[in-house]
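Being a predicted model, the structure only gives us computed values, none of them experimental. Each chain gets a letter, A, B and so on, in the order its sequence line appears, and its residues count up from 1.
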There are 2 protein chains.
Amino acid sequence: MTEALDERKMNVSVYVSSDIITLHIMSTLRQLADRLGVSIATVSRALNDKPGVSTKVRQRVLQLAQELRYHPNQAARSLATSHNPLILFIVHRRQFSEAEDPFYPNIVQGLEEVLSSEGYGIMLVTLSDSQMAAGPTEVRAIQEQRPSAIVLAGPDISSSFIIATATSGIHTMLVDNALRNTSLPAVLPNNKEGCQAATNHLIQDHGHQHIALLRGPEGWISSDERAAGYLSEIEAAGFQPFIVTANDTTIQTGQEAAIQALDVKPETTAIVAINDAMAIGALRASRQMGRSVPGDLAVVGFDNISWAVYADPPLTTVSVPMLDMGRLAARVLLDRINGTLTAATRTIAAAQLVIRASCGC
Amino acid sequence: MTEALDERKMNVSVYVSSDIITLHIMSTLRQLADRLGVSIATVSRALNDKPGVSTKVRQRVLQLAQELRYHPNQAARSLATSHNPLILFIVHRRQFSEAEDPFYPNIVQGLEEVLSSEGYGIMLVTLSDSQMAAGPTEVRAIQEQRPSAIVLAGPDISSSFIIATATSGIHTMLVDNALRNTSLPAVLPNNKEGCQAATNHLIQDHGHQHIALLRGPEGWISSDERAAGYLSEIEAAGFQPFIVTANDTTIQTGQEAAIQALDVKPETTAIVAINDAMAIGALRASRQMGRSVPGDLAVVGFDNISWAVYADPPLTTVSVPMLDMGRLAARVLLDRINGTLTAATRTIAAAQLVIRASCGC
DNA sequence: TTGAAAGCGCTACCAA
DNA sequence: TTGGTAGCGCTTTCAA
């Protein structure tokens, strides 16, 4: 089954596997031009919807491109235009753990959905502590790919890294994070209002007076803002705030924080957790300490992850529309890249209280 | 604060934002060569560790590259070498849902970890039903990026798409899927043995005789293999198998399947679910039907997702090392790309029974 | 050991 | 409306 193939000028790659011989032919502008008897410049214009091509020629080009399944070589295009339609999605690499959501999967999904429709790709990058410390100039993907923009996701990206990236002249935006006193575009959920709603629900609808907050590290914007929402409601009601701060926002730390809260202030009758993971930890802690939820202790979370509804009891929480946040981020990014929008933007996605059983309803 | 800058031949991009002016200079081979008084060919050789450069010159090149923070332009390199160090990670886009794990996040994490250390990037692509039907030639990312390899993840990628991709001459591998009668590399957990261990545990250690299986669609290899594991143990023990097949493997379908199982065969005392999502659904169903777990009904899952331990009761399940599967997949891929390994490989990651409370232990 | 130069496939400018 | 052509930044022959 052998055949003499002149590979030299043919742009043909031959793949041999057991008995199958497949030719994967990628056509080029040159080939289209030759077959049509026109110049590659004309073909390029036609394909890119640029003016200066007669409708007749344009149609013939489009037609043939279709037939030959022509697709431009992105590397060549990037080289010629100095523009790579690629977004880098960067997160901090957590060590030692199969984290629940290492990549904000639903946000990435939303981003991918709209970016791909505009011809952009999305590349995932995780940064170790040392890479983060070394800064963006030491991140290969940034330097070698020359992406159109960078998304920095999560509260655990150092602000020095953020600043270095943003000032390096590359479009940068933040997701689930924001930099104060800065005009960096960011998309965030409506943290404060969401947490106000949750806290208020416990106060107004259930009459709780001793409500503890379980939160993550100071400086993590979501924790800070949600805490602010909690505080404003507690103070408006004239109650004493009681806040336990953990160094991470996981089930584990939530459990520990809840135990501490109930130890220190046994009179606590309700807990607001900064996210669902911590809330689930709190559920766990209360079971462990012999308190029934919601009978002896009400618990509300934040995020509305998919497991929240299956917690025992089903978790009252504040729903964060991750998919939409991804889509929003993509839109902002595209606007920036296209220069449509130059003003600073903080995009806020609506977070909504979803009432289930853990609050006592 | 204005300054006349000749941008023409300078490779300088100017970024102006409020008061800051930052120059992001990307040096090129040409610049290194000029500063050193050597040819770009020499610089290229030195940088790429190729023979034919005196150690003296090589050192000077490396030194200067360091100073100028030189990084090669990947687009130019891809164009020149016809090789793009990029892996496409492709999944099927689920409609209408913020799926729990749209991207196998931990697998992606494992992939990224080892691929990035070898200079490869990983790009995420989701395929709609229509794109899947149209085949790989209609996927822009595949045609335009010319990636080094493609990872097709999940059981819901059509085999026609898989075959078309694999025979198109591009390195292809499967994750959490496999094609029978084919030499396509794939990485999978040890499904059958894992499910045997789980089933066997219910039989031997807990004395169950009426054990139902909740599974996903026929043809989804993980479901098939796990079901085979269940069957072999049930039959070895001389019991009657009882299998409920759902059309997806979610909490929702698990709940429905469990209800159906308990309706049809109320004598069922134990349930093996094909994954943790379905197992959590089963937990839910049994609560709903007034059966306590594990008292009236034992339940075991598969996957050991991070929430399994926090289910009520904590879920006995079979742990699948997602992170390792990603790493393994990356290794296989790199071997393929480098031509180190040409033989077909099915890589099996060890799945292990982890015993918690839902089985009755 | 070095350098010159021919591409890789495309865009964009300048002439015709 | 067209075509010719000079790059984009790099790799890789081929000569020197």
Side-chain angles (χ1 to χ4, degrees), chain A residues 7-13 24-62 65 68-85 119 140 143-146, chain B residues 7-13 25-61 65 68-85 119 140 143-146:
Chain A
E7 267 196 65
R8 279 174 306 165
K9 288 274 150 215
M10 286 181 57
N11 252 310
V12 168
S13 68
H24 187 213
I25 306 179
M26 350 214 204
S27 35
T28 66
L29 275 194
R30 186 60 291 140
Q31 293 173 12
L32 294 194
D34 288 352
R35 304 253 304 220
L36 292 167
V38 298
S39 74
I40 63 169
T42 297
V43 178
S44 173
R45 285 185 207 110
L47 256 22
N48 291 305
D49 244 15
K50 296 247 166 98
V53 188
S54 66
T55 24
K56 182 175 280 176
V57 172
R58 182 176 304 248
Q59 288 204 331
R60 291 179 54 218
V61 172
L62 261 30
L68 297 190
R69 310 204 154 288
Y70 170 81
H71 289 275
N73 178 323
Q74 184 52 55
R77 194 178 247 185
S78 292
L79 186 56
T81 59
S82 304
H83 171 69
N84 192 359
R140 279 184 72 165
Q143 300 303 320
E144 301 186 355
Q145 299 289 344
R146 324 265 157 115
Chain B
E7 269 198 62
R8 279 174 305 166
K9 289 276 150 212
M10 286 181 58
N11 252 308
V12 168
S13 67
I25 307 178
M26 350 211 204
S27 36
T28 65
L29 275 194
R30 180 72 282 143
Q31 291 172 13
L32 295 195
D34 288 352
R35 305 252 304 221
L36 292 167
V38 299
S39 73
I40 63 168
T42 298
V43 178
S44 174
R45 288 186 202 109
L47 256 21
N48 291 305
D49 244 17
K50 295 248 167 97
V53 188
S54 67
T55 26
K56 182 174 281 177
V57 173
R58 178 172 308 241
Q59 289 204 331
R60 290 179 53 218
V61 172
L68 296 190
R69 309 205 155 290
Y70 170 82
H71 289 275
N73 178 323
Q74 185 54 54
R77 192 178 248 184
S78 292
L79 185 56
T81 57
S82 304
H83 170 70
N84 193 359
R140 279 184 73 166
Q143 300 303 321
E144 300 186 356
Q145 299 290 344
R146 323 267 156 113

Item checked: N73(A) side-chain proximity, nearest of dG9(C), dT2(D), dC10(D) ->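 Nearest to the side chain of N73(A) among the choices is dG9(C).
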Starting at atom [atom1] of [X], determine the distance to atom [atom2] of [N], rounded to an integer number of angstrom.
X       : N       : atom1 : atom2 : result
R60(B)  : dT2(C)  : CZ    : P     : 10 Å
E144(A) : dC10(D) : CD    : P     : 10 Å
H71(A)  : dG9(C)  : NE2   : P     : 16 Å
R146(A) : dG9(D)  : CZ    : P     : 8 Å
Q143(A) : dG9(D)  : CD    : C1'   : 16 Å
L32(B)  : dC10(D) : CG    : C1'   : 12 Å
R30(B)  : dC10(D) : CZ    : P     : 11 Å
N84(A)  : dT11(C) : CG    : C1'   : 15 Å

Could you tell me which residues satisfy side chain to side chain contact (heavy atoms under 4.5 Å, CB included) with [X], sequence neighbours excluded, listed by chain and number?
X      : value
N48(B) : S44(B), K50(B), R77(B)
A33(B) : R30(B), I40(B), V43(B)
A41(A) : S39(A), R45(A)
S54(A) : K56(A), V57(A)

Give every pair of a protein N or O atom and an N or O atom of nucleotides 11-14 of chain D that lie under 3.5 Å apart, one pair per line with the distance.
| residue | atom | partner | partner atom | Å |
| --- | --- | --- | --- | --- |
| dT11(D) | OP1 | N48(B) | ND2 | 3.1 |
| dT11(D) | OP1 | R77(B) | NE | 2.9 |
| dT11(D) | OP1 | R77(B) | NH2 | 3.2 |
| dT11(D) | OP2 | S44(B) | OG | 2.7 |
| dT11(D) | OP2 | N48(B) | ND2 | 3.3 |
| dT12(D) | OP2 | K50(B) | NZ | 2.6 |
| dT13(D) | O4 | R45(B) | NH2 | 3.4 |

Item checked: With sequence neighbours excluded, residues passing side chain to side chain donor-acceptor pair (under 3.5 Å) with R60(B) ->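 If we apply the side chain to side chain donor-acceptor pair (under 3.5 Å) test to R60(B), skipping adjacent residues, there are no hits.
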Item checked: Partners meeting side chain to side chain donor-acceptor pair (under 3.5 Å) with E144(B) (sequence neighbours left out) ->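 Only R140(B) meet the side chain to side chain donor-acceptor pair (under 3.5 Å) criterion with E144(B).
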Would you say [X] and [Y] make side-chain contact, with heavy atoms under 4.5 Å?
X      : Y      : value
L32(A) : L47(A) : yes
N73(A) : T28(A) : no
Q74(B) : N84(A) : no

Next item on the list: With axes from five pairs an end, tell me the bend angle of the helix from dT1(C)-dA16(D) to dA16(C)-dT1(D), nearest 10°.
Entry: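 For the helix from dT1(C)-dA16(D) to dA16(C)-dT1(D), the axes at either end differ by 40°.
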Note to self: If you assign V38(B) and L79(B) each to the DNA chain C nucleotide with the nearest heavy atom, which residue ends up on the more 5' nucleotide?
What the structure shows: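 The residue mapped nearer the 5' terminus is V38(B).
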Notebook entry, point to check: Looking for any heavy atom pair under 4.0 Å, which part of the strands does S54(B) touch: base, sugar-phosphate only, or nothing?
Noted result: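 Sugar-phosphate, no base atom in range.
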